[in-house]
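See structure below.
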Amino acid sequence: MIAFDGVTKKFPDGTVAVDSLSLEAPSGKITVLVGPSGCGKTTSLRMINRMIRPTSGTITLDGKDTGRMKESELRRGIGYVIQHAGLFPHRTVLDNVSTVPRLLGMDKTETRKRSMELLERVGLDPAFAKRYPAQLSGGQQQRVGVARALAADPPVMLMDEPFSAVDPVVREQLQDQFLRLQGDLGKTIIFVTHDIDEAIKLGDQVTVLKVGGHLAQMAAPAYLLAHPVDDFVADFVGRDRGYRALSFQATPRLPLAAERTIAMGESAEGVDADWVLVVDDQNHPLGWVEPLRARGAIRTEMLHRGGTVARASGPLRGALDSALSSPSRRGVIVDDSGSLVGTVKAHEVLTAIEQADRPELADPRKPGAPAA
Amino acid sequence: MISGLIDWLTDSANWSGSDGVVARTVEHLWYSGISLFVACLIAIPLGLAIGHTGRGRFFVVNLAGAARAIPSLGLLYVMVLWLFPKLVGDSAFLVPSLIVLIVLAIPPLMAGAYAGVEGVDPAARDAAKGMGMTGGQVLAKVEVPNALPLIFSGFRSATLQVIATATLAAVAGTGGLGRFLIDGQKVRDYPQMASGALLVAVLALVVDLLLAVVQRYAVSPGLTGRGSGRPAEGGGVRRSSRRSNTPLDVEIVSSQRTVDSQHT
Ligand SMILES: Nc1ncnc2c1ncn2[C@@H]1O[C@H](COP(=O)(O)OP(=O)(O)OP(=O)(O)O)[C@@H](O)[C@H]1O
Ligand SMILES: [Mg+2]
């Protein structure tokens, strides 16, 4: 666990970047620091590995005061992904990733093997290992930065906007990959971002900071969306928060209707319905067709693909979106293997939402008011 | 004139013996090498330290400027007058010349080392520190390898300058290729003088070429864009364009020009 206790950072020019900040980042969880530009996120993060020394207050790592540890030793035990990757231009990708293990004197061939594994885990082709950073795209560089921080298997990771340099699609991929990786590794992670959506998606716990380095609110993502403490947090969390909160609510049992389906290649003519669902031979939904317009055997290019598909075990947001986006207004629900289980209408999802409790209100263990 | 030059250079008598071209070239290289060696010992650690700590930048900049204003020949006379009575034997002629060459080589060497370290991507330096490298490790594992291209350009410019100026050593009564210029002038043997000048120029070029080859193998391909795949657009280009704005770069480039104008 990482704990801030009344930590303040005042720079020599008088700027107070962080103001008596107290917070706890539990072990094995992702704690996200989020807030507008200049609110002190990077400063807070860098005080943990003492790249910046706090003016007052203490930061403890598993109960030990970091101010009393030897700086280089403290840092070797903490993976640090800096804001702009900061790869070493003169070293190959593989040598970049191997830096900390080599620094710690670990075996060379062993390190090499592990580094190659890590590259693969962050989604980089092993062929990249021999390249130099200048030969990589921004997103690839950031992946190498993450792999490098993980290389010595540190229990704690500090990540400063590690996915900022990429387009939204790649960012989403990196985030998913990151969550999978964390699912396996269970590191204690402090993750800095200014993107509230990223914070909500990745955080087990989200800490919103205000300019001046004040803690505005610290809570689980669902709680934050449902109960922003003040106007600042409400504004920052943004619009659509009622809808986005559905991402955290498991789908209850919905009244699913059986759906008439046809197979690809069959003819839809004569089917007595406005829309009919086309499935493949494993009962995976492919798309909708209008029997009145589709002549002859159904071919791929005739499918209407606008509708989304929701998993029955997924969050409510998926089920509602599926119903709203479907051309037939019937949302397609599948099981975990992707096979069709039935369809649901929007008003039925809404009824389910109304009947469900707001679970975060019922759960007293979720963090509530700011700890300051 | 040209035919006189060719005659002189093709006369094998001029090449052998203790005052022949071969022996004089060896002497010339020996003076240059030892001066560069001593200058490196002084200038490179200093330049690295200033680049690493960021303290003393004004020192490098002022030194680079001041050094350009020193007339080498004037300095040589001062050194000879000052040191001659204090030294005995051959060293009385040699030491003043070597000191002039060392003084000449220090500014480009120091500027190269300093500018190289200071130009290292701050994010890379920050990452190195953040992963627990000590100051010395950051310098050795990150700053110096990344500074190598500029350290080399400082070294090559110092080498050109020293080889050209080592000609002056003959004025103080020592050997080296400068002898052909001085001795030729005494007897108005113009082919000998021209040959001497030409030999110095060729020697400087050959040495520079050798250093270029060494540089090619010493500097990481990640910095020069010679790695496989597409060329470096981040590292190399960004670094050099940022650096070309510093006064120190101007110093390195202009000192190369100085060399040309001195022996042509
Ligand atoms: N070395 C410094 N000297 C003076 N002020 C500083 C220094 N470093 C940061 N600051 C100031 O401290 C405040 C917080 O900076 P910090 O880098 O922590 O912001 P941030 O939340 O990470 O912002 P961003 O999202 O833009 O990265 C800013 O107002 C910044 O100008
Ligand atoms: Mg920042």
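Computed over heavy atoms, backbone and side chain alike; hydrogens, waters and symmetry mates excluded. Here is how names work: the chains are called A, B, and so on, in the same order as the sequence lines, proteins then strands, and each is numbered from 1. A quick note: this is a predicted structure, and the numbers were derived from the prediction, not measured.
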Subject >> Under-4.0 Å salt bridge between A:Asp95 and B:Lys141 >> reply: no
What pair of heavy atoms forms the shortest contact from [X] to [Y], and how long is it?
{"X": "B:Gly222", "Y": "A:Ala134", "value": "O-CB, 4.4 Å"}
{"X": "B:Ala127", "Y": "A:Gly86", "value": "CB-O, 3.4 Å"}
{"X": "A:Tyr132", "Y": "B:Ser220", "value": "CE2-OG, 3.4 Å"}

Show every donor-acceptor pair shorter than 3.5 Å between a side-chain atom in residues 100-107 of chain A and any protein atom, with sequence neighbours excluded, or say none if there are none.
unit_1: A:Arg102; atom_1: NH1; unit_2: A:Met106; atom_2: O; d: 2.8
unit_1: A:Asp107; atom_1: OD2; unit_2: A:Thr109; atom_2: N; d: 3.4
unit_1: A:Asp107; atom_1: OD2; unit_2: A:Thr109; atom_2: OG1; d: 2.9
unit_1: A:Asp107; atom_1: OD2; unit_2: A:Glu110; atom_2: N; d: 2.9

**OP:** Using the test ring pair (Phe, Tyr, Trp, His ring centres under 6.0 Å), find all partners of A:Phe4 that sit at least two apart in sequence or belong to another chain.
**Re:** none
Subject >> All ring pair (Phe, Tyr, Trp, His ring centres under 6.0 Å) counterparts of B:Phe155, not counting sequence neighbours >> reply: none
Could you tell me if the side chain of [Y] sits less than 4.5 Å from the side chain of [X], heavy atoms only?
{"X": "B:Asp126", "Y": "A:Tyr80", "answer": "yes"}
{"X": "A:Arg91", "Y": "B:Asn146", "answer": "no"}
{"X": "B:Met133", "Y": "A:Arg75", "answer": "no"}

Original post:
Hey, is the main chain of B:Gly132 close enough, under 3.5 Å, to the side chain of A:Arg76 for a donor-acceptor pair?
Top reply: yes
Original post:
Okay, side chain of A:His90, backbone of B:Leu148: is any donor-acceptor separation there less than 3.5 Å?
Top reply: no
Subject >> Approximate separation, where rounding is to 0.5 Å, of A:Glu71 CD and B:Thr134 OG1 >> reply: 11.5 Å
**OP:** Would you mind checking which part of A:Arg46 comes under 4.5 Å of any heavy atom in chain B, side chain (CB onward), backbone (N, CA, C, O), both or neither?
**Re:** side chain
**OP:** With a 4.5 angstrom heavy-atom cut-off, could you sort out which part of A:Ile82 is near chain B: side chain, backbone, both or neither?
**Re:** side chain
Original post:
For atom NE2 of B:His52, is the number of surrounding heavy atoms from other residues, nucleotides or ligands below 6.0 Å larger than 12?
Top reply: yes
Subject >> Interface residues of residues 141-156 of chain A facing chain B - non-hydrogen atoms under 4.5 Å apart >> reply: A:Arg148
